[in-house]
Amino acid sequence: MSKLDRLSRDVAFIAGLMVQRVPFIVAELGRDADPFMLHLYAALAEKERRLISERTKAALAAKKERGEAPGNRSNIAQAGQAGRRIQMAEADRFAANLLPIVRSIQSAGPIGMVAIAKTLNERGVRTARGGQWHVSSVANLLARANNCVADR
């Protein structure tokens with residue numbers, strides 16, 4: 001891990017890992033970090049956790065004193081809708097960009113979704129999330145592409 005506090009902000013937990021001889025390297029400290037150094041950094045991380053908690057509690061108490069409710073409940077629905085619109089637009093763009101590749105695969109003759117998925121994987125084309133193609137992902141892509149074309 002890059003920093004010890006990404007593993008835990010609990011000295012006892014870090015010490016327990018060291019007692020059990022669980023190997024871990026903290027990039028920030030390097031390979032030569034000895035147990036004493038790891039304990040110090042774990043203690044500092046634990047202290048920071050307490051300080052974060054205290055600051056959060058103080059901020060929430062101040063907000064409550066001002067008569068405000070914690071959080072921002074006024075726009076949760078709007079934020080969700082905006083996020084969904086953005087995701088849909090990105091998915092539509094991805095489908096539109098990939099459709100010519102799929103059409104060129106299909107132009108080779110009658111070909112099913114299994115073969116399309118296999119060909120895309122063989123060509124190193126990744127899904128929008130960087131994964132492998134499956135029949136369902138090809139079907140979803142084609143449905144989205146057809147809907148995008150029909151909407152225009």
Practice item. Ignoring hydrogens and angles, tell me if any N or O in the side chain of N121 forms a donor-acceptor pair with the backbone of Q132 under 3.5 Å. Key: no
| request: Test side chain to side chain contact (heavy atoms under 4.5 Å, CB included) on R93 and M88 and set out the steps. | output: CA-CA 9 Å; R93 271 193 298 280; M88 296 291 283; over 6 Å; no
Discussion item. Do V22 and M18 sit in one hydrophobic cluster, given that two such residues count as connected whenever their side-chain heavy atoms are within less than 4.5 Å of each other, even indirectly?
Written reply: yes
Contacts of E68 meeting side-chain hydrogen bond (donor to acceptor under 3.5 Å, both in side chains) (sequence neighbours excluded), chain-then-number -> R66
Applying salt bridge (Lys or Arg N to Asp or Glu O under 4.0 Å) to E122 and not counting sequence neighbours gives K118
The side-chain hydrogen bond (donor to acceptor under 3.5 Å, both in side chains) partners of R103 (sequence neighbours excluded) come to Q106, N146
With heavy-atom distances below 4.5 Å as the criterion, would you say the side chains of I105 and R123 are in contact? yes
message: According to a hydrophobic-cluster definition based on side-chain heavy atoms being under 4.5 Å apart (Ile, Leu, Val, Met, Phe, Trp, Tyr only), do M37 and L17 belong together?
response: yes
Review point. Out of curiosity, does F13 fall in the hydrophobic cluster containing V19 (side-chain heavy atoms, cut-off under 4.5 Å, transitive links)?
Key: no
Would you indicate whether D32, at its atom CG, is surrounded by more than 12 heavy atoms from other residues, nucleotides or ligands within a distance under 6.0 Å? no
Under the side chain to side chain contact (heavy atoms under 4.5 Å, CB included) rule, what do T127 and L141 come out as? Steps first, then yes or no, please.
CA-CA 9 Å; T127 64; L141 174 81; over 6 Å; no
Original post:
Does one hydrophobic cluster hold both L44 and I14, with members joined at side-chain heavy-atom distances below 4.5 Å?
Top reply: no
Checklist entry - Is a side-chain donor or acceptor of T56 paired with a backbone partner of I52 at a separation under 3.5 angstrom? => result yes
For residues 36-49, the side-chain hydrogen bond (donor to acceptor under 3.5 Å, both in side chains) pairs (sequence neighbours left out) are E48-R55
Looking only at heavy atoms, the pair that brings S104 and S107 closest together is O-OG, 2.7 Å
Using a 4.5 Å side-chain heavy-atom cut-off and chaining through intermediate ILVMFWY residues, the residues clustered with V11 come out as none
Do W133 side-chain atoms and V114 backbone N/O form a donor-acceptor pair below 3.5 Å?
no
side-chain hydrogen bond (donor to acceptor under 3.5 Å, both in side chains) filter on R129, not counting sequence neighbours, yields none
Would a 4.5 Å heavy-atom cut-off, applied to side chains only, mark R50 and S53 as touching? no
In short, S8 meets A45 closest at the heavy-atom pair O-CB, 4.3 Å
ask   = Would L7 end up clustered with L40 when hydrophobic side chains under 4.5 Å apart are linked, directly or stepwise?
value = no
